[in-house]
Amino acid sequence: MTVRVRIAPSPTGPLHIGTARTALFNYLFARRNGGSFILRLEDTDVARSSIEYERDILDGLHWLGLEWDEGPEVAGLPARGPYGPYRQMQRLDSYREAVERLLREDKAYYCYCTPEELAADRLAQEAAHQPPHYVGRCAHLTPEERRSREAEGRKPVIRFRIGEGVVEFDDVVRGHIAIDTSALGGDLVIVRSDGTPLYHFTVTVDDAAMAISHIIRGEDHLSNTPKHILLFKALGAELPKFAHLPLILNPDRTKMSKRKSQTAIDDYREEGFIREALVNHLGLLGWASGGEEEVFGLDELVERFELERVHAGGAVFDRERLEWLNGQWIRRLSDDDLVSRALPYLMGDLEARRERGEAVRIPTEDDLRVLLPLVRERLPVLSSIGAMVDFLFVEELQVNPALLVPKRWDVATTLEGLTEARRLIAEAGDVSFEADELEAPLRALCEARGWKAGDLFMAIRVAVTGRTATPPLFDTLVCLGPARTLERLDTARALVEETVPLPHD
RNA sequence: GCCGCAUUCGUCUAGAGGCCCAGGACACCGCCCUCUCAAGGCGGAGAUCACCGGUUCGAAUCCGGUAUGCGGUACCA
């Protein structure tokens, strides 16, 4: 059997975590089984769809590395695949044709009920403790009745006859499912009164037309599946296999939502999560390899993925795990790759500072390449690059004098320490400004004075970076260079003297 | 309300009758490493496998019921 799967997002919002996960699983299944992964845009909700969202979704999927084999034309590039168009609003003819067929075969009919009538039905059903359903008022209209309603100017919807019986199917992840059609809400509206087709209808017409073999989607569609099966049959199409993925949940275990969680892939990207981490994390939501490794790249996921191993319970999106994976993946990036990915974040930070009136140097890729080895295992997300290395690029460092004096030291000791350190560093700089050359004499100094090296180093660290947490000190000094190092030590000494009065000595 | 699905450490999960008084990972705690912060290493704590019955010599694993949660129930997708 030729495997053909699809992701069918509607461009009514930015790319959602859930959509991305569904896309991933479809992609993995397709690649694993030598099948095709199809992208289809479900844009029939014209009121809520927009081209911006469409862009965002396509961009996001592309960014994640989930390349589709067939899909719509994008940004000037032509559509790909023999089953186009891949945008539903461009497939209206095929829906019209399908509707006409259903109408002709009396599997569907025009319904003239007004919203008021339907609301009244619903109220009555509620009062009678019945499940809401369409009562079938228009199910068997005579031609005369139809004409008179038309004459009133009523615009009909088209309903699909649901019929009686039990719909059964075997879900790949959930096993055997049986649902009585009486639970389906009565005959289903498939075409709006304005003539546009509705989701349940378009999705099955398209899945049939595109020869989709496996429908892999979120569990929220499980209850709708009987409707689709009935439609497939009415259309005379072959039934695909169904696999319903567990939902991704908010921490309170409700379906993940914008209200309660960060759901836009874009927002994670902006924070500096990298695609490898996101893919890895999403791949582990509802699926596990069965082995004990958990850090997998896309290709490794493809190698191991099995739809049958997807499990049925919902999965809370655990951001801390994502962060850990992000660190793992950042550490695995090559230097060049990390540099090019992190640089925009650094630039952004510095640009923002500049706009606030601070003097900054603009870093080059080379600037970053030098100190990258020092920060890579300290980066949880790329956006923290600025906080890590900004001191190299700001011209006038803001130092909090209170931080300058190490916890175990007093002002006088600090002053002495910085002065002596400045002298030794200047001497070392005359020879060669390298980490080893700097460290040895400073350690010797501490030995001689009975200081803990860590205290002296902390004073220098703050003097030179303004921060208490930095990459290793001597490498940092080397990156800074002798001139700026000495200058900042001088500034810091002055600061200690000026702003902190020396009480009794 | 009705229908459907689900339920193993806080979280993600392994587990498909004896290997499980339940394994791994994140988070947490401690120790080691260490110039700070990380990273890394080692160790710890953490789940009466939702509950109740049944089947079986034996159940997290099979069956039934209950509870709870979630999803669906639109001229949204």
Side-chain angles (χ1 to χ4, degrees), chain A residues 8-13 42-45 47-49 111 113 115 118 122 125-126 128-133 155-159 171 174-175 177-180 182-186 188-194 196-200 202-203 218-226 244 246-247 249 251-255 281 284-295 309 311-325 327-328 331 374-380 388 406 439 442-443 446 452-458 460-462 465 467-474 476:
Chain A
S10 15
T12 54
E42 311 226 323
D43 53 357
T44 56
D45 186 351
R48 293 197 300 145
S49 295
C111 167
C113 294
L118 296 174
R122 185 148 309 152
Q125 288 158 1
E126 210 167 299
H129 294 292
Q130 287 175 325
H133 61 279
K155 291 271 179 253
V157 300
I158 297 174
R159 286 185 188 269
D171 190 278
R174 275 148 227 280
I177 309 274
I179 298 178
D180 195 293
S182 64
L184 265 29
L188 178 72
V189 177
I190 56 176
V191 178
R192 294 184 181 89
S193 53
D194 68 1
T196 56
L198 255 2
Y199 169 75
H200 295 302
T202 57
V203 79
E219 188 196 335
D220 43 355
H221 286 294
L222 188 62
S223 311
N224 292 147
T225 302
H244 287 91
L247 257 23
L249 274 19
D252 65 3
R253 306 202 73 86
T254 53
K255 177 172 153 182
H281 186 240
L284 262 19
L285 250 31
W287 176 85
S289 72
E292 293 197 337
E293 305 122 288
E294 314 210 316
V295 182
R309 284 190 66 86
H311 78 152
V316 173
F317 188 88
D318 182 1
R319 196 195 150 90
E320 288 182 325
R321 201 159 196 260
L322 207 215
E323 281 177 13
W324 175 75
L325 280 168
Q328 293 293 318
R331 269 163 248 143
L374 310 182
V375 306
R376 74 182 317 147
E377 74 258 32
R378 279 162 247 263
L379 280 181
M388 216 113 268
E439 183 166 358
L442 288 173
R443 283 199 185 273
C446 291
K452 297 201 89 174
D455 291 330
L456 207 222
F457 293 173
M458 182 53 84
I460 300 172
R461 164 175 292 112
V462 173
T465 69
R467 297 178 181 276
T468 53
T470 71
L473 181 60
F474 301 101
T476 301

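Each chain gets a letter, A, B and so on, in the order the sequences are listed, and its residues count up from 1. FYI, side chains are in, hydrogens and waters are out, and symmetry mates aren't considered; it's all heavy atoms of this structure.
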Rounded to whole angstrom, note down the [atom1] distance from [N] over to [M].
N     : M     : atom1 : answer
B:U7  : B:C51 : C1'   : 11 Å
B:A39 : B:C28 : P     : 9 Å
B:G53 : B:G58 : P     : 15 Å
B:C63 : B:G18 : P     : 16 Å
B:A6  : B:C49 : C1'   : 15 Å

Listed nucleotide nearest any side-chain atom of [X], set [options]:
X        : options             : value
A:Leu285 : B:C12, B:A77, B:A74 : B:C12
A:Arg174 : B:G24, B:C5, B:G71  : B:C5
A:Lys255 : B:C75, B:G4, B:G71  : B:G71
A:Ile179 : B:G1, B:A14, B:G4   : B:G4

Give a yes or no on whether a donor-acceptor pair under 3.5 Å exists between the nucleobase atoms of [N], that is its base, and the side chain of [X].
X        : N     : answer
A:Thr254 : B:C70 : no
A:Gln125 : B:G1  : no
A:Arg48  : B:C76 : yes

Worksheet entry | Separation of B:C3 C1' from A:Asp220 CG (nearest whole Å) | 16 Å
Practice prompt. For A:Asp318 and B:U13, give me the distance from atom CG to atom C1', rounded to whole Å.
Written response: 11 Å
Only pairs with both distances under 3.5 Å count, Watson-Crick or wobble alike; so what is the partner of [N] in this structure?
N     : value
B:C31 : B:G41
B:G4  : B:C70
B:G18 : B:C57

Worksheet item: Once each nucleotide of nucleotides 30-49 of chain B is scored for protein heavy atoms under 4.0 Å, what B/S/- sequence comes out, 5' to 3'?
Response: -----BBBBSS---------
Item to complete: Name the nucleic acid region contacted by A:Thr44, choosing base, sugar-phosphate or nothing; use a 4.0 angstrom heavy-atom cut-off, strictly under.
Response: sugar-phosphate
Discussion item. Considering every strand and a 4.0 Å limit on heavy-atom distances, what is the contact class for A:Leu249: base, sugar-phosphate, or nothing?
Written reply: nothing
Discussion item. Any side-chain N or O of A:His311 below 4.0 angstrom from OP1/OP2 of B:U13?
Written reply: yes
Worksheet item: Given that A:Pro131 and A:Glu320 both sit by RNA chain B, which one's nearest nucleotide is further toward the 5' end?
Response: A:Pro131
Worksheet item: Would you call A:Glu126 and A:Arg122 a salt bridge, using N to O less than 4.0 angstrom?
Response: no
Worksheet item: From A:Arg174 CZ over to A:His244 NE2, what is the distance, rounded to the nearest 0.5 angstrom?
Response: 8.0 Å
Enumerate all atom pairs, one protein N or O and one N or O from nucleotides 60-63 of chain B, separated by less than 3.5 Å.
none

